[in-house]
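What follows is a short report on a single structure.
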Amino acid sequence: MLTKFISDKDAEAFLRLIDENENIVMTCHVRPDGDALGSTLGFYHLLMRMGKNAKVVIPDKAPKSLAFVPGAKELVAYSQYKEFAETLIQNADLIICCDFNKASRLDQLADIILNASCKKVLVDHHLDPDNFTDLTFSFDKMSSASELTFRLIAAMGLLEMMDKDCATAICTGIVTDTRNLSVNCEYSDLYIIMYELIKKGVDKRRIVKEALETKTYNSVKLCAYAMSEKLTIFEQHQGAVIVLDKSELDRFNYEKGDSEGLVNQALEIKGITYSFFLREDPDCIKVSARSVNNFPVNQICEDLFNGGGHIQAAGGEFYGTLEECQKILINAMPNYDKYLTHKHK
Ligand code: 5GP
Ligand code: MN
């Protein structure tokens, strides 16, 4: 019923790798989001059900807002448990890399994963993946790595093994990367997948509530402050930029995940085609970008901020001061006017 993206040969090769190996590690990009956890934990539940010794090892801790995803307690964050994480990776017979296209997105885990001698599989939906795995599943038209996880499970003939926890993890990834089926999901296949997930017992309302509609009081105040005091509109470029420095984050007791959704809020402003959010993190300036009308924010993030992503949702990291980062972005805005296809009046 689903359009076929995965060849029989590749599905068989993946199934063989799973069948032949016991210790299987899933990993994902730094600062994990719903899709990173959805895809890794989706495989985790499937493999546990198949009797494998499955582990999810991630570069850094997941935000509290995703603690509801089944299996979140079992995540091993390298930033917290270095030795344990390294041992798990060294003992792995197979590593499944989810939701990223370049090893550098593994941050401090990059060398450890690259140096692991076992076979590796990539499950991703970003453009132009690096060639660092033995088997690569990469489809940039897909909504999420979690959608691809579902398709792979189906293509391997393992849908029967998918339990409610597995389906809930996968649904979380789809719901978060599509913002509750509002972006990047204009094709019928995705709704067939949602139908199958709901048949497995997934409580979609709860996922939406937990992942997208629940914020701490501090987070609501931080976002309100940012929108009211720290947003600049560049009307002629149809761009919006929000900037938060360390002292402001401290003032609102910022915790990981507290600024989630902020960059989308700026995109709601009439006449705005793209929005950027620059946040002064301890190690770098974290850049987040969103757009509408096919304005390529991934291009800007790649050109200016060592980053990338999708055409309408991208990000990067800048090593320098917040002021420099802001200046570079603002000075570059005219270069991207050519991509503005819609006149706003
Ligand atoms: P967010 O703004 O939610 O952090 O990230 C949105 C999307 O942008 C992610 O799903 C990912 O595809 C991409 N992205 C975010 N940060 C980075 C980064 O530092 N490097 C690259 N290459 N992509 C990023
Ligand atoms: Mn994703």
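Values reported hereafter were calculated over all heavy atoms of this structure, with side chains retained and with hydrogens, waters and symmetry mates removed. In this chain, residues are counted from 1 in sequence order. Please read these numbers as outputs of a predicted model, since none were measured by experiment.
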Please, which pairs that meet ring-ring contact (aromatic ring centres under 6.0 Å, His included) have at least one residue in residues 147-179, sequence neighbours excluded? none

Sequence-distant partners of His125, ring pair (Phe, Tyr, Trp, His ring centres under 6.0 Å), two or more places apart: His310

Polar contact flag, side-chain donor to acceptor under 3.5 angstrom, Asn101-Asp124: no

Please, which pairs that meet ring-ring contact (aromatic ring centres under 6.0 Å, His included) have at least one residue in residues 182-234, sequence neighbours excluded? Tyr225-Phe252

Residues in side-chain contact (heavy atoms from CB on, under 4.5 Å) contact with Lys164, at least two apart in sequence or another chain: Thr168

Test ring pair (Phe, Tyr, Trp, His ring centres under 6.0 Å) applied to Tyr81 - qualifying residues, sequence neighbours left out: none

With sequence neighbours excluded, residues passing ring pair (Phe, Tyr, Trp, His ring centres under 6.0 Å) with Phe132: Phe100

Please name all residues satisfying salt bridge (charged side-chain N to carboxylate O under 4.0 Å, His left out) with Arg31, sequence neighbours left out, ordered by chain then number. Asp281, Glu317

Test salt bridge (charged side-chain N to carboxylate O under 4.0 Å, His left out) applied to Lys4 - qualifying residues, sequence neighbours left out: Asp8

List for me each residue that meets ring pair (Phe, Tyr, Trp, His ring centres under 6.0 Å) alongside Tyr274, sequence neighbours excluded, and say none if there are none. Phe295

Under the salt bridge (charged side-chain N to carboxylate O under 4.0 Å, His left out) test, residues paired with Lys286 that sit two or more places apart: none

With sequence neighbours excluded, residues passing salt bridge (charged side-chain N to carboxylate O under 4.0 Å, His left out) with Arg151: Glu147, Asp189

Straight-line distance of Leu158 CG to Leu152 CG, nearest 0.5 Å: 10.0 Å

Could you name each residue pair satisfying ring-ring contact (aromatic ring centres under 6.0 Å, His included) that touches residues 3-39, not counting sequence neighbours? Phe5-Phe139, Phe14-Phe43, Phe14-Phe137

